Amino acid sequence: MKIIREIPAMKDWVRAVKKKGETICLVPTMGYLHKGHLDLMRMGKPMADHLVISIFVNPTQFGPSEDLDKYPRDLPRDTELAASVGVECIFHPSAEAMYPKGYCTYVEVENISEGLCGASRPGHFRGVATVVTKLFNIIEPDIAIFGEKDYQQLAVLRKMAEDLNMNVQVLAHPTVREDDGLAMSSRNKYLSTEQRQYALVLSQALLKARRLVEQGERSAEAIKAEAVRMIEQTPESTVDYVEIVDPALLKPVERIEGRAVMALAVRVGATRLIDNITLEAS
Ligand code: AMP
């Protein structure tokens with residue numbers, strides 16, 4: 001397992017691979033790996049000659065009052081886990097290397113990044129699109145894999161790769177959950193034992209929504225109201241947003257016709273958690 005911290009060294013490694021005509025699959029992460037991350041890596045392993053991950057807690061995607069400084073980090077453990085699923089190389093740059101003094105170039109994906117998490121975290125997707133563009137330029141992956149857990153991020157990055165004619169295929173992996181339904185997340189570590197139980201309301205509200213659609217409910221307002229009710233009844237839990245949108249452009253829909261995505265963000269204690277589900281009206 002190679003851990004590469006410097007951008008020129010990473011580019012040298014990539015150049016050697018490309019010279020041989022071999023392919024690269026990249027799984028970008030912020031580290032503190034869990035089974036969700038590892039499943040993305042397992043998916044990528046057979047898809048290219050080389051599996052690379054990045055571990056970088058990207059400062060430009062955090063707001064001033066967010067958890068950049070306390071975001072969990074554990075490189076030795078991450079290295080072991082990544083090795084166990086066949087990762088060959090970890091790119092782990094410093095913030096100073098990625099954003100040196102005088103840095104001033106950003107990537108903005110309009111519309112699709114403005115609602116949902118984009119509304120409650122201004123600048124977040126600008127930071128995500130920028131860092132992923134930089135990772136794509138440094139690592140030149142043929143394939144990059146992202147999780148549906150961060151549905152809006154996936155949609156933004158797909159659009160970015162398409163609009164900017166990037167030479168990378170953006171692939172999605174379904175959300176990986178704990179046995180009780182909680183979507184895996186590095187931020188779950190922040191939850192106390194009680195909050196860990198309260199956090200089940202996210203997946204339960206989404207499953208309730210799916211059941212309502214199966215029973216014939218088509219009004220987005222009614223479905224969202226039920227989710228809000230469930231969240232408000234849960235101790236220590238407050239709604240950030242509950243929205244039902246079309247799967248491609250992420251515009252809110254009034255009625256469920258065909259496929260839609262219900263996405264929500266909930267604060268459990270001080271921890272902001274997100275989740276989403278596909279709703280399908282037959
Ligand atoms: P993060 O380290 O949280 O930035 O996540 C890195 C990648 O893993 C992103 O593409 C996430 O969408 C994906 N990911 C994180 N948690 C999950 C999960 N529970 N299921 C599927 N993908 C996930």
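Atoms within a ligand are numbered from 1 in the order they appear, just like the ligands themselves. Because the structure is predicted, anything quoted here is derived from the model rather than measured.
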Margin query: Which of the numbered atoms in ligand 1 are under 4.0 angstrom from any heavy atom belonging to T175?
Written below: 20 (N), 21 (C)
Notebook entry, point to check: Where on S186 is there a heavy atom closer than 4.0 Å to ligand 1, on the side chain, on the backbone, on both, or on neither?
Noted result: neither
Next item on the list: Have a look at ligand 1 and work out which part of L40, if any, has a heavy atom under 4.0 Å from it: side chain, backbone, both or neither.
Entry: side chain
Check: Do you know the tightest heavy-atom contact between I274 and A265?
Finding: CG2-CB, 3.7 Å
Notebook entry, point to check: Do you see a donor-acceptor pair shorter than 3.5 Å between the side chains of T60 and Y99?
Noted result: yes
Notebook entry, point to check: Salt bridge check: are R187 and D67 linked by an N-O gap of less than 4.0 Å?
Noted result: yes
Next item on the list: May I ask you to check whether F146 has an N/O atom sitting below 3.5 Å from an N/O atom of ligand 1?
Entry: no
Notebook entry, point to check: If we only count N/O pairs under 3.5 Å, is V176 in contact with ligand 1?
Noted result: yes
Check: Looking at P28, which atoms of ligand 1 are within less than 4.0 Å of one of its heavy atoms?
Finding: 6 (C), 7 (C)
Notebook entry, point to check: Can a salt bridge be assigned to the pair R196 and D180 using a cut-off of 4.0 Å between side-chain N and carboxylate O?
Noted result: yes
Notebook entry, point to check: Among the heavy atoms of Q153, does any lie under 4.0 Å from an atom of ligand 1?
Noted result: yes
Checklist line | Polar contact flag for M184 and ligand 1 (N/O pairs, less than 3.5 Å) | finding: yes
Margin query: Applying a strict under-4.5 Å side-chain criterion to I, L, V, M, F, W and Y, I'd like to know whether I24 and I53 cluster together.
Written below: no
Item checked: Shortest protein heavy-atom distance from atom 23 (C) of ligand 1, along with the residue and atom involved -> K149 CB, 4.0 Å
Item checked: Enumerated ligand 1 atoms positioned under 4.0 Å from heavy atoms of D150 -> 11 (C), 12 (O)
Note to self: Please determine whether a side-chain nitrogen of the Lys or Arg among R211 and E214 lies less than 4.0 Å from a carboxylate oxygen of the Asp or Glu.
What the structure shows: no
Check: Would R77 count as a cation-pi partner of Y32, with NZ or CZ less than 6.0 Å from the six-membered ring centre and within 45° of the ring normal?
Finding: yes
Next item on the list: Return the residue, atom name and 0.1 Å-rounded distance of the protein heavy atom closest to atom 10 (O) of ligand 1.
Entry: G147 N, 2.9 Å
Notebook entry, point to check: Is the closest basic N to carboxylate O distance between E88 and K2 below 4.0 Å?
Noted result: no
Check: So which of E148, H37, H34, M30 gets nearest to atom 16 (N) of ligand 1, if we judge by its closest heavy atom?
Finding: H34
